[in-house]
Peer 1: 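Can you keep this structure in mind? I'll have questions shortly.
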Amino acid sequence: MFASLYRRRLLRLRQIPSVAGTNSGRPNPTDALLSHGYSSAALAGATVSEPCPTTVSYLISCGLSPAAAAAHKLRIRSTDRADAVRALFRSYGFTYADITEMVRRAPRILTLDPDRILRPKLDLYASLGVKPRKLVAAPPLLTRSLDKHIVPCIQFLRSILGTDDAVCRAISGNPRGLSMGDLDRNMRPAVDTLRRLGLPEKSISKLLILSMSVLMISPDRMSEIFEHLKSLGLGVTDTGFVYGIRALCCIRRETWLQRVALYQSFGVSEGELLKAIKMQPAMLLYTDENIKKKLRFLLDELKLELSEVMRQPVVISYSLEKCIIPRCAVLSVLMREGKIQPNINLLSALLRSARIFSKRYVLRYAHEVPDVVKAYEGKIAFEGFRGRDVLVPLNP
């Protein structure tokens, strides 16, 4: 059904007469233009050396600031077409904020033919389940050639991932991986390299869903990543190996070593750190300041042992402001009210899923201790557990 849907759409596109009046058997100039980024703007708009007042005014009406609107050297020759583009986006579920962001990122999209160029792509992404917000994050998903780039790449991904749902998750997880990649130059060589290096097919599928940006990594760089992960004691069939690939694809080896040194500066032994990295390679992806801030809070404010943190390094991936601190405030309220004991396994409680934590520590006591709801919503500040258990109400 998937392939049939593609064929019908592609056939329809091929039957559209070109703007130059060429027959349908010859390449469509529109596709050729699209394959070079936003060149299709030549059909209805043009780049100019100075801001066009009418265009600036129109961009402002789309939600852009005057400065942002003036920064785009673009002339919209048909506001009717631009209006039709915006109406089309709205009909596919794009919010006003989505459209504003899309226009800010790629104003030339307003010059594209809504029915010939944009609608077939929106239909395709909708059939896969890709949400509008994901398309906003990578405008080339709507401007690159459907026939020459988007469909072949999606068919290639489906041949590896197996289902449209998996393809949707891969695209949604990293839209730029599809919008910026090239099938023959990047994607095929990357997958061939993963196979040559011994990564199982199941792991390749998981990796692409986790981070499709790995398809932009050169074969030589991927070989280096495999060697580095193996030097840490990870095997290609280990669960952590896939996460290690994703982590190392995001940072340079020098940065990786720098983060290792940072953790060690807190007193983590080489053996502890190696085990932690094998469990949670992403712990090296955060900025130096982010890592320092989290470790200082866990060690100085919560009085946790460094060995405790390294045994459950996933805690490094939790947001302090949005997750850890509000949960600490909840637990502090419950300790103050005598609902839970001060000797609770703090780290275990903090690492519960949002659903379980809410059920066990918030909803369970919401009627008896209303402050737990305020604490969970960030309206009560956490001021520590030990020695000074003070709750400071924040401004509502």
Side-chain angles (χ1 to χ4, degrees), residues 2 37-38 93-94 98 101-102 104-106 109 121-122 124-146 148-195 197 199-219 221-222 224-226 229 239-252 255-256 280-287 290 317 319:
F2 185 85
Y38 301 118
F94 288 73
D98 290 336
E101 181 65 12
M102 178 73 82
R104 186 189 68 80
R105 289 172 178 261
I109 207 162
K121 296 167 188 174
L122 291 170
L124 176 56
Y125 292 125
S127 72
L128 292 171
V130 178
K131 302 299 183 185
R133 189 64 197 165
K134 301 301 180 179
L135 302 178
V136 173
L141 287 176
L142 291 173
T143 59
R144 296 201 66 173
S145 170
L146 183 68
K148 296 179 181 179
H149 176 77
I150 296 172
V151 168
C153 286
I154 289 178
Q155 289 176 327
F156 176 70
L157 290 173
R158 192 175 189 277
S159 71
I160 298 169
L161 301 176
T163 66
D164 291 353
D165 178 66
V167 171
C168 175
R169 284 185 287 150
I171 295 173
S172 300
N174 194 324
R176 287 176 59 84
L178 176 62
S179 67
M180 304 304 292
D182 181 271
L183 182 58
D184 293 318
R185 189 180 303 122
N186 306 118
M187 294 183 171
R188 290 191 199 278
V191 172
D192 289 343
T193 299
L194 292 172
R195 288 168 174 158
L197 293 172
L199 195 66
E201 290 294 322
K202 184 177 180 181
S203 297
I204 292 175
S205 296
K206 183 176 182 179
L207 181 60
L208 297 191
I209 291 173
L210 284 173
S211 180
M212 199 164 55
S213 61
V214 299
L215 296 179
M216 303 293 288
I217 304 299
S218 71
R221 173 59 181 147
M222 189 61 72
E224 291 177 0
I225 290 173
F226 270 64
L229 291 174
T239 302
F241 200 88
V242 167
Y243 294 95
I245 295 174
R246 181 183 65 168
L248 274 176
C249 283
C250 296
I251 59 175
R252 294 178 295 119
T255 305
W256 176 288
Q280 190 71 22
M283 65 186 289
L284 299 178
L285 291 182
Y286 303 100
T287 65
N290 190 295
S317 68
S319 168

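Values below: all heavy atoms of this structure, side chains included; hydrogens, waters and symmetry mates excluded.
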Peer 1: Checking Asn186 side chain against Asp182 main chain: does a donor-acceptor pair fall under 3.5 Å?
Peer 2: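 Between the backbone of Asp182 and the side chain of Asn186 there is a qualifying donor-acceptor contact (under 3.5 Å).
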
Peer 1: So Ser205 and Ile160, do their side chains get closer than 4.5 Å, heavy atoms only?
Peer 2: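 Touching, per the 4.5 Å side-chain cut-off.
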
Peer 1: Examine distances only and state if a side-chain atom of Thr255 and a backbone atom of Ile251 form a donor-acceptor pair shorter than 3.5 Å.
Peer 2: no

Peer 1: Looking only at non-hydrogen atoms, find the nearest pair between Asp98 and Arg133 and report the distance.
Peer 2: OD1-NH1, 2.9 Å

Peer 1: So, does Thr193 use its side chain to make a donor-acceptor pair with the main chain of Pro189 at under 3.5 Å?
Peer 2: yes

Peer 1: Test salt bridge (Lys or Arg N to Asp or Glu O under 4.0 Å) on Arg188 and Asp192; report intermediate values, then the result.
Peer 2: CA-CA 6 Å; Arg188 290 191 199 278; Asp192 289 343; over 6 Å; no

Peer 1: Quick check: closest heavy atoms across Cys249 and Ile225, and the distance to 0.1 Å?
Peer 2: SG-CD1, 3.7 Å

Peer 1: Should Arg195 and Glu201 count as side-chain neighbours, where that means a heavy-atom distance under 4.5 Å?
Peer 2: yes

Peer 1: Between Ser211 and Leu207, is there a donor-acceptor pair closer than 3.5 Å when you use the side chain of the first and the backbone of the second?
Peer 2: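 Looks like no, no N/O pair under 3.5 Å.
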
Peer 1: Does atom CZ of Arg221 have more than 12 heavy-atom neighbours from other groups under 6.0 Å away?
Peer 2: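 Correct, the count exceeds 12.
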
Peer 1: Taking all non-hydrogen atoms of both residues into account, name the closest pair between Met102 and Leu135 and its distance.
Peer 2: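 Smallest interatomic distance, heavy atoms only, reads CE-O, 3.7 Å.
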
Peer 1: Start with the C-alpha gap between Cys153 and Phe156, add the side-chain angles, then the distance that decides, and say whether side-chain contact (heavy atoms from CB on, under 4.5 Å) holds.
Peer 2: CA-CA 5 Å; Cys153 286; Phe156 176 70; 5.5 Å; no

Peer 1: With a 4.5 Å limit on heavy-atom distance, are the side chains of Lys134 and Ile171 in contact?
Peer 2: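 The answer is no; the side chains never approach within 4.5 Å.
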
Peer 1: Look at the side chain of Lys131 and the backbone N and O of Ser172, then say whether any donor-acceptor pair between them is shorter than 3.5 Å.
Peer 2: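 Answer holds: no.
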
Peer 1: With a 4.5 Å heavy-atom cut-off, do Pro281 and Phe241 have their side chains touching?
Peer 2: no

Peer 1: Go through it in stages, so that I can follow the logic: the residues are Met216 and Met187, the test is side-chain contact (heavy atoms from CB on, under 4.5 Å), and I'd like the CA-CA distance, side-chain angles, deciding distance and then a yes or no.
Peer 2: CA-CA 7 Å; Met216 303 293 288; Met187 294 183 171; over 6 Å; no

Peer 1: Quick check: do Ile245 and Met222 have side-chain heavy atoms less than 4.5 Å from each other?
Peer 2: yes

Peer 1: Please walk me through it: do Leu183 and His149 pass side-chain contact (heavy atoms from CB on, under 4.5 Å)?
Peer 2: CA-CA 7 Å; Leu183 182 58; His149 176 77; 5.8 Å; no

Peer 1: Might you point out which heavy atoms bring Pro175 and Ala137 nearest each other, and give the distance in Å?
Peer 2: CG-CB, 4.4 Å

Peer 1: Taking all atoms of both residues into account, what is the closest heavy-atom pair of Arg105 and Val136, and its distance?
Peer 2: CD-O, 3.2 Å

Peer 1: If we check side-chain contact (heavy atoms from CB on, under 4.5 Å) with Lys206, which of these qualifies: Leu210, Ile209, Leu208?
Peer 2: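 Per the side-chain contact (heavy atoms from CB on, under 4.5 Å) rule, the option paired with Lys206 is Leu210, out of Leu210, Ile209, Leu208.
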
Peer 1: List in chain and number order the residues that pass side-chain contact (heavy atoms from CB on, under 4.5 Å) with Ala126, two or more places apart in sequence or in another chain; answer none if no residue qualifies.
Peer 2: none

Peer 1: For Gly181 and Arg144, work out which heavy atoms get closest and say how close.
Peer 2: O-NH1, 3.1 Å

Peer 1: Decide yes or no on side-chain contact (heavy atoms from CB on, under 4.5 Å) for Leu157 and Met212, but give the supporting numbers first.
Peer 2: CA-CA 10 Å; Leu157 290 173; Met212 199 164 55; 3.5 Å; yes

Peer 1: Hey, could you give me the CG/OH distance between Leu142 and Tyr125, rounded to the nearest 0.5 Å?
Peer 2: 6.0 Å

Peer 1: Any non-hydrogen side-chain atom of Ile154 less than 4.5 Å from a side-chain atom of Leu124?
Peer 2: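 Counting from C-beta outward, Ile154 and Leu124 do come under 4.5 Å.
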
